[in-house]
Amino acid sequence: MAALADPDRPLSSGLADALERVAKMHPECDLSDPGTPSATVAILRHRQETLDHLVLADSPIVLGTPQGYSVITDLRVDDVLPEMQAEVEKHETHTEGHREALQRFVLAQRQVRNTPDGYWVAAAGPAAAEHSLTGTTPLDEVHAAAVMSDGVSRLVTEYKMATWPEVFATLQAGGPRELIDIVRKVEATDPTGRRWPRYKSGDDATVAFCQW
């Protein structure tokens with residue numbers, strides 16, 4: 001947060017600084033290992049009369065505007081190893097075939113993560129921040145915004161069980177907890193991923209919401 005506090009500093013520069021700071025907190029770890037922990041990043045910053053955004057990997061930012069809903073996300077990971085991803089999705093979750101296919105897929109992803117031939121995500125190296133997608137939107141063009149993990153956005157994008165207007169109406173009425181509860185109830189109707197193939201029964205679900 002401190003690295004992003006300067007409103008005149010580009011978000012990508014602040015993210016690079018933050019990644020470097022966190023890495024320095026773990027000198028005992030082998031951060032060059034392909035299995036080093038990583039995370040998606042979605043940042044929305046209010047700066048004077050504008051909103052700055054940054055996304056790295058597939059956690060989206062959704063802006064509510066007079067023209068509709070604008071989804072800002074980074075789906076480059078979907079273009080990596082599509083055949084192996086399809087193999088994972090052929091199996092129901094919690095089966096041996098699913099576990100084996102997922103392990104092969106994850107190991108292969110690690111080899112191309114944060115490389116020009118793969119995809120970019122926040123990990124130990126600050127260089128990944130340079131590959132984030134950034135932009136600015138005038139504040140007067142936005143009436144509400146949600147920053148969320150893909151474990152929430154898939155209610156719209158993959159499950160097709162809600163629309164963005166419905167998601168924002170839920171956030172306005174009941175807040176993030178109610179929206180996450182809806183996601184979990186939908187997933188509970190398909191516990192083995194037969195209808196909606198996925199890596200596990202329920203991915204991490206996080207959402208922040210603001211309106212003007």
Side-chain angles (χ1 to χ4, degrees), residues 1-15 18-19 22 37-78 120-122 128-129 132-190 196 198-212:
M1 294 297 293
L4 300 171
D6 181 354
D8 295 322
R9 186 177 192 184
L11 290 179
S12 56
S13 173
L15 176 59
L19 293 176
V22 173
S38 63
T40 63
V41 180
I43 302 169
L44 188 65
R45 181 174 65 184
H46 182 189
R47 181 170 57 90
Q48 297 178 348
E49 299 303 316
T50 63
L51 292 172
D52 299 331
H53 69 258
L54 177 151
V55 291
L56 183 61
D58 54 1
S59 288
I61 296 171
V62 186
L63 304 179
T65 74
Q67 291 74 39
Y69 292 87
S70 175
V71 181
I72 304 166
T73 189
D74 173 9
L75 299 178
R76 288 173 289 185
V77 65
D78 291 347
W120 300 90
V121 66
S132 55
L133 307 183
T134 61
T136 299
T137 304
L139 186 61
D140 60 7
E141 295 181 7
V142 180
H143 60 75
V147 181
M148 63 188 71
S149 64
D150 67 327
V152 175
S153 63
R154 65 183 53 197
L155 182 68
V156 177
T157 59
E158 296 181 38
Y159 302 162
K160 310 295 184 185
M161 296 299 288
T163 63
W164 289 121
E166 290 170 339
V167 164
F168 274 65
T170 297
L171 287 169
Q172 289 168 337
R177 173 48 56 191
E178 183 172 334
L179 179 60
I180 292 171
D181 286 344
I182 292 172
V183 174
R184 294 303 183 222
K185 288 176 182 176
V186 168
E187 291 175 337
T189 67
D190 181 39
W196 301 300
R198 51 195 187 273
Y199 298 153
K200 51 187 176 181
S201 296
D203 282 342
D204 295 338
T206 304
V207 57
F209 175 68
C210 55
Q211 57 185 336
W212 294 269

When rounded to the nearest 0.5 angstrom, what is the spacing between [atom1] in [X] and [atom2] in [Y]?
| X | Y | atom1 | atom2 | value |
| --- | --- | --- | --- | --- |
| Glu49 | Thr136 | CD | OG1 | 13.0 Å |
| Asp74 | Asp150 | CG | CG | 11.5 Å |
| Trp120 | Leu133 | CH2 | CG | 12.5 Å |
| Thr189 | Arg184 | OG1 | CZ | 13.0 Å |
| Trp196 | Arg154 | CH2 | CZ | 11.5 Å |
| Asp190 | Glu187 | CG | CD | 9.0 Å |

Indicate yes or no: does Lys185 engage Asp181 in a salt bridge with an N to O separation below 4.0 Å.
no
Basic-acidic side-chain contact under 4.0 Å: Asp58, Arg76:
no
Restricting to non-hydrogen atoms, name the atom on [X] and the atom on [Y] that form the minimum distance, rounded to 0.1 Å.
| X | Y | value |
| --- | --- | --- |
| Leu4 | Leu15 | CD2-N, 3.9 Å |
| Val167 | Ala162 | CG2-CB, 4.2 Å |
| Phe209 | Ala144 | CE1-CB, 3.9 Å |
| Ala39 | Val121 | O-CG2, 3.0 Å |
| Leu139 | Gln48 | CD2-O, 4.2 Å |
| Val41 | Ala122 | CG2-CB, 3.5 Å |

Donor-acceptor pair, side chain of [X] and main chain of [Y], under 3.5 angstrom:
| X | Y | answer |
| --- | --- | --- |
| Thr157 | Ser153 | yes |
| Ser13 | Pro10 | no |
| Glu178 | Gly175 | no |
| Ser149 | Thr206 | yes |

Heavy atoms, side chains only, cut-off 4.5 Å: are [X] and [Y] in contact?
| X | Y | value |
| --- | --- | --- |
| Asp78 | Leu75 | yes |
| Thr137 | Thr50 | no |
| Met148 | Val62 | yes |
| Met161 | Val183 | no |

If you apply the rule side-chain contact (heavy atoms from CB on, under 4.5 Å), what do you find for Val207 with Ile180, and how did you get there?
CA-CA 8 Å; Val207 57; Ile180 292 171; 4.2 Å; yes
Start with the C-alpha gap between Leu11 and Asp52, add the side-chain angles, then the distance that decides, and say whether side-chain contact (heavy atoms from CB on, under 4.5 Å) holds.
CA-CA 8 Å; Leu11 290 179; Asp52 299 331; 3.8 Å; yes
Check the orientation of His143 and Tyr69. Use parallel for under 30°, tilted for 30 to 60°, and perpendicular for over 60°.
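Rings of His143 and Tyr69: perpendicular, over 60°.
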With under 30° as parallel and over 60° as perpendicular, where do the rings of Trp212 and His46 fit, or are they tilted in between?
perpendicular
Tell me, with the steps shown, if Leu54 and Ser12 meet side-chain contact (heavy atoms from CB on, under 4.5 Å).
CA-CA 7 Å; Leu54 177 151; Ser12 56; 4.2 Å; yes
Classify the side-chain pair Thr40/Ser59 by whether it contains a donor and acceptor separated by less than 3.5 Å.
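Present: a donor and an acceptor within the cut-off.
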For side-chain contact (heavy atoms from CB on, under 4.5 Å), just list the numbers for Ile61 and Val147, CA-CA rounded to whole Å, side-chain angles, deciding distance to a tenth of an Å, and then say yes or no.
CA-CA 5 Å; Ile61 296 171; Val147 181; 4.1 Å; yes
